[in-house]
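Here the structure is a predicted model, which is why all the values come from computation and not from measurement. Lettering of chains follows the sequences in order, A, B, ..., and the numbering in each one begins at 1.
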Amino acid sequence: MVSKRLMPQMPMSADTPPARSDARPVVTRFAPSPTGYLHIGGGRTALFNWLYARGRGGRFLLRIEDTDRERSTPEATAAILRGLTWLGLDWDGEVVSQFERRDRHAEVAHQMLARGTAYKCYSTQEEIAAFRTAEEAAGRYPVFLSPWRDADPSTHPDAPFSIRMKAPRSGETVIEDRVQGRVVIRNETLDDMIVLRSDGTPTYMLAVVVDDHDMGVTHVIRGDDHLNNAARQQMVYDAMGWEIPVWAHIPLIHGPDGKKLSKRHGATGVEEYQAMGYPAAGMRNYLTRLGWAKGDAEIFTSAEAMQMFDLDGIGRAPARLDFKKLENTCGHHMAMADDAALLHELIAYMAASGRTPLTPAQSVLMQKALPFLKKSAKTFPEFLEKASFIMVSRPIRADEQSAASLDTVSRGILKSLTPRLQSASWTKEALEPILTQAAAENGLGFGKLAAPLRAAIAGKSVTPSVYDMMLVIGQDETVARLKDASD
RNA sequence: GGCCCGUUCGUCUAUCGGUUAGGACACCAGGUUUUCAACCUGGGAAGAGGGGUUCGACUCCCCUACGGGCUGCCA
């Protein structure tokens, strides 16, 4: 697994990402709304923003879009933060709450009013709803044109009003998108969107623009469900005379059947993947390659990804999730992982999945076993399965399949083996001749001897190499386990 | 309904007018082997359909089909 790296190794550590010198420092952001867990698609969007900023010495900001008070919850915010943290996507500065910036949003809405790029609209929600219903019934496309757009202020009633943006009625708005290319939207298909609700709270369309501007966001990398919104948001930038950021609208992730990823496809939340035991580094690699490519690069570290990542490599079509490839990618990362870091992540996984923590003694054995265990596991459950010879304690109960290999003949061989192991020096070089000889004496291939050894040492028929296990658990424990099995 | 976006092996993709259409995962066959995995070798596998443009189209244009998104005083 280790040898399969397709990218040339780049001499850098994850802590010192490459810094490219661009004219202005790059600022990206991830701006989820806290209405649930962190969706895997959101995780990928965050990852792209993170890679882009970090690869250019820029800043990656996090803003929670919690202006919808009905649906936003602190639990959801916490879940999103946990998800990002697990994925290893660290953000710069404080988490910004959009809701807390509502006064600033209202201020901008009133500035637009003063500039004449917005107006007070006294149409009630009932009137608008009635209009829509009527239009749809008549088979028309309901673009609500407020009668208050050009009304004389002296005719304004003393009633609640919303503030609507005075959008251009003709011409077209052009979005220069780094992923989608040049997208042209005819202005007549867009209505005068509300920027400030009649209760004085800002709408999303206004809030994003104001926040992105105030936070100095230079590159907006987000899902392409916002592509159409970009046109309206661009109007706000224009209305305020602000510089339009670089747009990059990335396609959404689909399920294996090509439909939008939803619950029925299985895991949609980042934390579910954590619970399934995928290592974060592998997850990052897989997600980076999902809908993005740089030549034939497949397996790479995050530092390498930062170096390579660019907006041009993002595909225009939605990509489907492929668990087999995810696993394979994770397997490479397990094998590549630093032992200490991997042990740390393993312990975190065990805690998160409610397993009994390692005892100090097990922890010591685990550290000895890590170098070979990590080479053959793709996920933490698989890793733990292979490490079960460490977790068991004597007397070891052989499972049904391995017990079958402990027949009378085999037990006899094990019995004859113990004195020899007892006096052996405990290295693979010394052990190898002893075991092969024991097999030969009984007219067996080593394979036939390995099975009862596995049963005795691990109680299973599928285990790591018998030598590896013996070296990890040590001489006394090995002998004791063999005795247990042969008595 | 309208508008916008998309469509290369089963999947992720490379190609940026001229390639035997390349790689990876998955799959199949063989090898190695101490079980699983890993590893090695080989194999099958693709330009949605139809029109153009061009000496030449996967690449450019149009139409159709299919998929997706938006069309809220949600984000």
Is there a donor and acceptor pair, one atom on the side chain of [X] and one on the base of [N], closer than 3.5 Å?
| X | N | result |
| --- | --- | --- |
| A:Arg454 | B:rU34 | yes |
| A:Asn328 | B:rA26 | no |
| A:Lys294 | B:rA14 | no |
| A:Asp224 | B:rG69 | no |
| A:Thr203 | B:rC73 | no |

Considering only side-chain heavy atoms of A:Arg289, which listed nucleotide, B:rU35, B:rC12, B:rC73, is closest? B:rC12
Go through B:rG23, B:rU34, B:rG69 for me and flag the one nearest to the A:Asp225 side chain. B:rG69
Please tell me whether A:Thr463 and A:Arg454 have a donor and an acceptor in their side chains that are separated by less than 3.5 angstrom. yes
Can a side-chain donor-acceptor contact be found between A:Thr173 and A:Asn187 if the only test is distance below 3.5 angstrom? yes
Within the structure shown, what part of the strands sits under 4.0 Å from [X] by heavy-atom distance: base, sugar-phosphate, or nothing?
| X | value |
| --- | --- |
| A:Arg316 | sugar-phosphate |
| A:Gln125 | base |
| A:Ser123 | base |
| A:His226 | base |

Mind checking whether [X] and [Y] have ring centres under 6.0 Å apart?
| X | Y | answer |
| --- | --- | --- |
| A:Phe309 | A:Trp292 | yes |
| A:His156 | A:Tyr122 | yes |
| A:Tyr467 | A:Phe446 | yes |

Pairing partner (Watson-Crick or G-U wobble, both distances under 3.5 angstrom) of B:rU8: none
Just how far, in rounded Å, is C1' of B:rG10 from CG of A:Leu321? 15 Å
Nearest-Å distance for atom pair CD1/C1', residues A:Ile175 and B:rC4: 9 Å
Any [X] side-chain nitrogen or oxygen under 4.0 Å from OP1 or OP2 of [N]:
| X | N | value |
| --- | --- | --- |
| A:Arg197 | B:rA75 | yes |
| A:Arg132 | B:rG72 | yes |
| A:Lys378 | B:rA38 | yes |

Which atoms of nucleotides 18-21 of chain B (N or O only) lie under 3.5 Å from a protein N or O atom, and what are those distances?
none

Any idea how A:Phe131 and A:Phe144 line up, ring-wise: parallel (<30°), tilted (30 to 60°), or perpendicular (>60°)? perpendicular
